[in-house]
Number of protein chains: 2
Amino acid sequence: MINTRLSMGIHILSLVALSNDPENLNSEWIATSINTNPVVVRRLTSSLKKANLVKAYVGNRGLQLMKEPEDISLLEILKAVDPNNHLFHIHQNSNIQCTVGRNIESTLGSIFNDIQKETEWKLANLKLDDVMRDLESKN
Amino acid sequence: MINTRLSMGIHILSLVALSNDPENLNSEWIATSINTNPVVVRRLTSSLKKANLVKAYVGNRGLQLMKEPEDISLLEILKAVDPNNHLFHIHQNSNIQCTVGRNIESTLGSIFNDIQKETEWKLANLKLDDVMRDLESKN
DNA sequence: ATTGTTGTAACTATGATAGTTACGTAGGTG
DNA sequence: CACCTACGTAACTATCATAGTTACAACAAT
């Protein structure tokens, strides 16, 4: 994974979960916390809404979680904001005249896929609630 | 990880390990198997040599492994060709006026670091020999 | 009607990566 | 010794992904 979308997605959901005034949590406000542009935030919240992790209050104001923080895994957040993520990349178009070249992609594919699955399993067992508790413990 | 250096590094070492004529394994030849440029190969072999995974024969001809394939882990290869790799990226410069912004980097840092370590553990337990056996089983 | 906010398209800037050209260097061979 | 082959590396380029940015239509609430 090269991007920061999971990390920003978790940031957003943590803000939603910990806000005192969630009905006034708009993209402008969130962008100030992340220190980015409101459109970047809207792109992410838009994905999070499509994944049924958050929804707006009446009138598209603010944000609220659609599940309890202990029921939102980091994997769900990742899939919402970066559905095609891969931890590893394999070089393509190796020479099929060569035994190694012909088979390396499939061999590495299954090895890397195993590790990907293990990582996803780890993320599936980490919940937004865990992040929130850690954040709160620091302040 | 966004790059293909681990994948190419494994490809190179597999070629070295499986070659019938390792003294004539030059960057040109390897590049043909990977389907890339010889300089890309030389950059990688140069790193692999510095990490003491391979060395040239007398006269800088060809390549030979410096350890048995069962003693070369994929983690060593990764560290050799991409020493600063990180699976996850965290957005920087969050707003320290905000509780979440102030602490998110350290919270996510330790979570992601755990997963990074687990992945490295997995890679440490996968050996070049495992890759070779899988490659050979296909052909 | 006016206001505030979202969703999204379209474009830009930046940075990482692999590919490429070029060349100095080292070692072996005739 | 002169020649040859291959390596190591600097420097540059092309490509691509990402985040940032501008702009605007749509929508709901008042």
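Being a predicted model, the structure only gives us computed values, none of them experimental. Just so we're on the same page: letters track the sequence lines, and every chain starts at 1.
- Side-chain atoms of B:Ser33 and A:Asn95 form no donor-acceptor pair, as typed in the model, at a separation below 3.5 Å.
- By the 30° and 60° cut-offs, the orientation of the rings of A:His11 relative to B:His91 is tilted.
- In this model, the phosphate group of C:dT17 is approached by a side-chain N or O of B:Asn3 to a distance below 4.0 Å at OP1 or OP2.
- Note on A:Lys50: every side-chain N or O is 4.0 Å or more away from OP1 and OP2 of C:dT6.
- B:Leu123 has its side chain out of reach of B:Ser73: every pair of non-hydrogen atoms, C-beta onward, lies at least 4.5 Å apart.
- Each of A:Thr36 and A:Asn60 was assigned the nucleotide of DNA chain D with the nearest heavy atom; the assignment lying further toward the 5' end belongs to A:Thr36.
- For C:dG7, the OP1/OP2 oxygens have a side-chain nitrogen or oxygen of A:Lys49 closer than 4.0 Å.
- Within the 4.5 Å cutoff, the side chain of A:Leu74 has heavy atoms near those of the B:Ile111 side chain.
- If you find the closest nucleotide of DNA chain C to A:Leu25 and to B:Met8, the one lying nearer the 5' end belongs to A:Leu25.
- Rounding to whole angstrom units, CD1 of residue A:Ile30 and C1' of C:dT6 are separated by 12 Å.
- Taking for each of A:Gly59 and A:Arg43 the nucleotide of DNA chain C with the nearest heavy atom, the 5'-most of the two is the partner of A:Gly59.
- Between the C1' atom of C:dT17 and the CG atom of B:Asn85 lies a distance of 15 Å, rounded to the nearest Å.
- Residue contacts shown for A:Asn37 include a base, since a base heavy atom lies under 4.0 Å away.
- Between the CD1 atom of A:Ile90 and the P atom of C:dA18 there is a distance of 14 Å, rounded to whole Å.
- Picking from C:dG7, C:dG4, C:dT17 the nucleotide with the shortest atom distance to the side chain of A:Ser46 gives C:dG7.
- When the P atom of C:dG7 is taken as reference, atom CD1 of A:Ile12 falls 11 Å away, rounded to whole Å.
- Defined by atom type and a distance below 3.5 Å, a donor-acceptor pair is missing between the side-chain atoms of A:Ser7 and B:His89.
- In this entry the distance linking NE2 of B:His89 with C1' of C:dT14 reads 14 Å, nearest Å.
- Side-chain atoms of B:Thr32 come within 3.5 Å of backbone N or O of B:Glu28 as a donor-acceptor pair.
- You can see that DNA chain D meets the heavy atoms of chain A within a 4.0 Å-exclusive cut from D:dT18 to D:dA29, reading 5' to 3'.
- In this structure, CH2 of A:Trp29 is placed 18 Å from C1' of C:dG4, rounded to the nearest angstrom.
- Counting heavy atoms from C-beta on, the side chains of A:Met8 and A:Val81 never come closer than 4.5 Å.
- Look at CG on A:Asn24: it is 8 Å from P on C:dT5, rounded to the nearest Å.
- Look at CD on B:Gln92: it is 13 Å from P on C:dG15, rounded to the nearest Å.
- At C:dA18, one or more side-chain N or O atoms of B:Thr4 fall inside 4.0 Å of OP1 or OP2 (strictly under the cut-off).
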